[in-house]
Amino acid sequence: MTEDLINKKDIYFPSYHGTNDNLINLLNRATQSLCDWFSKAEEFGPLPFDENFKCIMPEEDGNTTEDLFSEIESLLNNSFNPVHPCSLAHLDPPPLIFSILGDLIAAGLNNNLLAYELSPSITLLEDSLCKWFAKKIGFSDSSGGIAASGGTLSNLNALIAARHNAGLGSDPNSVLLVSEDAHSSFIKCTRIMGLDETNLVRIKTDKKGCMDIKSLRKTLDNCSIKNKKIFAIVATLGTTVRGAIDPIKDISRICKERDIWLHIDGSIGGIFAITSIPIEGLNNLNQANSITINPQKIIGITKTSSLLLVSDMNTLKNTFSTGLPYISSKDNIINRGEMGIQGSRPAEVIKLWLGFRFLGLKGVEDILKSSIKRKDFFIENICKNKFEICSGPLHIVSFIPKGLRPKDTDSWTKNKVNELMKKNFMLSRPKFKGNYYLRVVMGNYNTTNSHIEELLKFLNAYQ
Ligand SMILES: Cc1ncc(COP(=O)(O)O)c(C=O)c1O
């Protein structure tokens, strides 16, 4: 065995005795690289990707730590940088510092939320934190929840539970109702559930982008005539393009009348419900059967961080519990791998818990309020006679020049995104109702009014 390999073996795995000096040195070095990258954001811009970036694959002999640190640096320097103050394109804010620590601890622990015996403290932590969130939004003692890797999976967990609890199994007549502005992941969810797109019924939205209740009632009546069985209605709490909130109170009344599962996709706006920030339309959440919240999208809990909260934990247990024959279980504790689609799962809850413990509710409110203030400032100062603006009570604004022909919106938004990128502003261009729009998402805590003023100086100069 070469000398090199003998030395390397000291850093294959953490040592179970001694001080793990080698590991500490490596962690310090990795931390330094990461922090250098954060502070280079201003120089590099939000998206410094070099098309010549090389993905070097593993070779017969392992590489040296020097090689690897140089690869790490290259990887960082070619990455999207969410801490840049003008990173305004998506629902991907800067990472909360205590959340970064949470990821480190979770990686080192390498516990597995599949089963209590593989993650005793984390199992209890996830259970308690989900219950805490569920109570905060007004659910009763029977409530709780489960974490999953992202909003799509949380929504999918909810829909599978809804269909199972409606006793519809794989009934090809079962349908799901969502608004026409609901997230595209519902298409994916129905496919995964063995349904086709005709089983996903889209309800019209009104001028503000909210589900139209008259159209909902009409669709429900049509469904009963055609013997379609509705297993859930989804109300979106914060649509992706304009941050609209569906009329939850009316929808929940209809769901109660007809005994239909109400799922709220609160991937964007759900987190506001645990604060006292007044948001128009944010009410009656506790009337739902389930709600997705996705703190990675606005608070900056590092990805992924998503919870499905349910009013009754038995609904998840009934749907997903299979027994785990190779695991020693405890009578009074349900293995978390039996409460959702995922089996093995990392302890993502740690970064959410640490983030919220550090911020406290006041810190959470501060971050959320600041995003609304930035949105308000943007809307107050954008030239209203030049732009058609689509926005709602949350922190997202989509806009295009008034009078632009639909076929010209593609090239206009493409050019503007490119021109803005040269000025280090990163915006997105969603396609929405046949037109492309420019979109700003004001969830970046590093963005100040002077950044917004600079952006608007460019936009408002449009002739
Ligand atoms: C309203 C809404 N729901 C669900 C999702 C899917 O979330 P994820 O990408 O975390 O799976 C998104 C993503 O942006 C969204 O905007």
Side-chain angles (χ1 to χ4, degrees), residues 80 82 87-93 95 99 145-160 176-193 200 202-203 205 208-211 232-246 248 251 262-273 279 281-282 285 288 290-309 340-342 345-346 348 351-352 371 375 390-398 426-432 437 439-444:
F80 157 60
S87 162
L88 302 169
H90 296 285
L91 295 148
D92 292 75
S99 210
I146 185 85
S149 298
T152 304
L153 269 189
S154 290
N155 285 337
L156 182 59
N157 274 329
L159 300 181
I160 292 174
L176 169 67
L177 269 49
V178 301
S179 98
E180 58 181 340
D181 291 356
H183 191 255
S184 52
S185 58
F186 288 104
I187 302 174
K188 209 193 273 183
C189 290
T190 41
R191 282 185 201 155
I192 295 168
M193 293 170 78
L200 180 67
R202 295 186 170 266
I203 313 294
T205 51
K208 289 180 164 178
C210 311
M211 188 186 281
I233 300 178
V234 175
T236 303
L237 201 177
T239 55
T240 315
V241 175
R242 60 188 299 179
I245 300 179
D246 286 337
I248 295 169
I251 301 173
L262 170 59
H263 174 64
I264 298 178
D265 179 8
S267 293
I268 297 178
I271 199 75
F272 282 88
I279 298 282
L282 187 75
L285 263 58
S290 56
I291 168 164
T292 293
I293 62 166
N294 210 184
Q296 74 193 42
K297 286 195 174 24
I298 177 161
I299 298 288
I301 306 300
T302 48
K303 284 177 271 294
T304 53
S305 180
S306 181
L307 301 180
L308 175 68
L309 307 174
I341 304 158
Q342 288 173 275
R345 214 155 39 79
E348 291 182 314
K351 60 199 174 185
L352 178 58
S371 70
K375 186 275 305 262
C390 292
S391 187
L394 300 175
H395 64 305
I396 301 172
V397 188
S398 289
M426 185 174 168
L427 270 66
S428 48
R429 47 184 293 275
K431 193 173 184 192
F432 181 55
Y437 283 73
R439 183 182 71 158
V440 285
V441 181
M442 289 298 185
N444 186 336

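Both counts, for ligands and for their atoms, begin at 1 and track the order of listing. For the numbers below, each heavy atom of this structure counts, side chains included, while hydrogens, waters and symmetry mates do not.
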Could you check which of V241, D181, D265 puts a non-hydrogen atom nearest to atom 2 (C) of ligand 1? D265

Which ligand 1 atoms, with their elements, are less than 4.0 angstrom from a heavy-atom of G238? 1 (C)

List for me each residue that meets side-chain hydrogen bond (donor to acceptor under 3.5 Å, both in side chains) alongside R439, sequence neighbours excluded, and say none if there are none. H90, S428

Are the side chain of S391 and the backbone of I396 linked by a donor-acceptor contact shorter than 3.5 Å? yes

Is any N or O atom of G151, backbone or side chain, closer than 3.5 Å to an N or O atom of ligand 1? yes

Distance in Å, F186 CZ paired with L176 CG, rounded so as to fall on 0.5 Å steps: 7.0 Å

By number and element, which atoms of ligand 1 are closer than 4.0 Å to a non-hydrogen atom of Q296? 10 (O)

Minimum heavy-atom distance N155-S267, with the two atoms named: ND2-OG, 4.4 Å

Using the test side-chain hydrogen bond (donor to acceptor under 3.5 Å, both in side chains), find all partners of K375 that sit at least two apart in sequence or belong to another chain. none

For the 3.5 Å polar cut-off, considering only N or O atoms, please tell me whether K297 and ligand 1 meet it. yes

For T240, take its heavy atoms, then give the atoms of ligand 1 lying under 4.0 Å from any of them. 1 (C), 2 (C), 15 (C), 16 (O)

Is there a nitrogen or oxygen of T152 sitting under 3.5 Å from a nitrogen or oxygen of ligand 1? yes

Checking heavy atoms under 4.0 Å, the part of L153 that sits near ligand 1 is neither

Side chain or backbone, does T236 bring an N or O within less than 3.5 Å of an N or O on ligand 1? no

Within the 4.0 Å heavy-atom shell around G150, which atoms of ligand 1 are there? 10 (O), 11 (O)

Measure I268 to ligand 1 on non-hydrogen atoms and call it side chain, backbone, both or neither using the 4.0 Å cut-off. side chain

Expected output: side-chain D246 to main-chain T236 donor-acceptor under 3.5 Å: yes

